[in-house]
Amino acid sequence: MRIASWNVNSIRARLESTLDWLTAAQPDVVLLQELKCTVGDFPREAIEDLGYNVALHGQKSYNGVAILSKLPLEDVHTTFSCGINDDQCRFIEAIIAGCRYISLYVPNGMAVDNDKYAYKLAFYDAFTSYVRQLLSLNQPLIIGGDFNVAPDLEDAHNPTVFTRTDRILCTIPERQAFHTLLAAGLYDGLKLHVKSLPDQQLPFTWWDYRAGSFIVDKGYRIDHFLLSPQAADLMINAGVDRTPRSVTRPSDHAPIWIHIKH
DNA sequence: ATGGTAGCAAAGCTA
């Protein structure tokens with residue numbers, strides 16, 4: 001099975017490139033983030049025409065997540081208990097072929113002194129609690145999404161950003177929150193795969209639109225697949241698909257993917 | 001240190 005996750009930065013602005021990418025990459029399961037539209041405005045028919053079942057959680061202008069699947073989706077949920085800003089559409093979960101999938105869009109945080117930064121840390125806390133419950137089931141669990149954290153020095157083009165206390169995506173509390181989530185018992189799928197190969201660098205997944213960051217490869221690795229032990233056992237390959245980041249009017253994120261035994 | 005671009009939606013907010 002081919003599993004992909006992609007922050008599209010507006011599904012309507014990205015519809016043509018999304019359909020092109022789906023046709024070329026042929027993923028069986030797709031976890032999407034930043035739809036930036038309501039359920040009613042989602043281009044459901046165009047995607048269903050490519051053979052996908054659709055489950056989505058959308059709102060006007062911001063956020064929004066979806067799961068596309070060639071196999072039937074069961075047991076769909078669109079919330080976990082965070083306690084604040086629960087009206088923001090950042091989570092959707094479904095069971096597909098006996099495996100639980102979550103599409104996650106973690107708050108960006110904006111700036112260290114911003115209320116959104118506190119929300120981001122609270123979101124990590126609450127999601128970690130939820131993941132601990134899921135992991136106690138001892139079942140395959142695949143979480144894909146935009147985590148808005150570069151976990152380690154190799155996950156940013158310029159490691160000196162980690163010496164600054166004001167650089168969003170890279171501050172110590174954000175990275176600690178991410179590593180606490182991992183420590184609940186999840187594997188970083190991309191890292192697990194790349195580190196099993198000789199002399200491979202971890203690829204970036206996001207490049208700022210500004211200052212031509214993609215051309216000079218000044219990126220960050222902030223999109224991740226996090227896997228339960230039962231899912232990690234199934235993984236056979238992983239990577240980043242830079243092709244959709246290279247087209248005209250791209251998303252600022254590239255799709256990430258894993259292959260699992262089915 | 002600053003400012004650089006993009007999407008939504010119609011001026012500023014978010015990223």
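Lettering of chains follows the sequences in order, A, B, ..., and the numbering in each one begins at 1.
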Consider only side-chain N and O atoms of Ser136(A) and Gln133(A), and report whether a donor and an acceptor are under 3.5 Å apart.
no

How does each nucleotide of nucleotides 7-15 of chain B score, in 5' to 3' order, for protein heavy atoms under 4.0 Å: base (B), sugar-phosphate only (S), or none (-)?
BSS---BSB

Rounded to whole angstrom units, what separation is found between the NZ atom of Lys218(A) and the P atom of dT5(B)?
15 Å

Distance, C1' atom - from dA15(B) to dA9(B), rounded to whole angstrom
16 Å

How many Å lie between CG on Asp166(A) and P on dT2(B), as a whole number?
11 Å

Using salt bridge (Lys or Arg N to Asp or Glu O under 4.0 Å), reason through Arg100(A) and Glu74(A) one step at a time and then give a plain yes or no.
CA-CA 9 Å; Arg100(A) 186 183 308 267; Glu74(A) 304 163 58; over 6 Å; no

Rounded off to whole Å, could you give me the CZ-to-P distance for the Arg245(A) and dT5(B) pair?
13 Å

Step-by-step side-chain contact (heavy atoms from CB on, under 4.5 Å) determination, Ile260(A) to Leu227(A)
CA-CA 11 Å; Ile260(A) 62 169; Leu227(A) 314 176; over 6 Å; no

Using the C1' atom on both, measure dA1(B) against dG12(B) and round to a whole Å.
24 Å

Between Asp217(A) and Trp207(A), is there a side-chain donor-acceptor contact under 3.5 Å, judged purely by atom types and distance?
yes

Cation-pi check, Lys36(A) to Tyr62(A): give yes when NZ or CZ is under 6.0 Å from the six-membered ring centre and within 45° of the ring axis, no otherwise.
no

Assess Arg221(A) against Phe204(A): is NZ or CZ under 6.0 Å from the centre of the six-membered ring, and within 45 degrees of the ring's axis?
no

How far does the P atom of dG7(B) sit from the matching atom of dG3(B), given to the nearest Å?
22 Å

On a whole-Å scale, what distance lies between the P atoms belonging to dA6(B) and dT2(B)?
23 Å

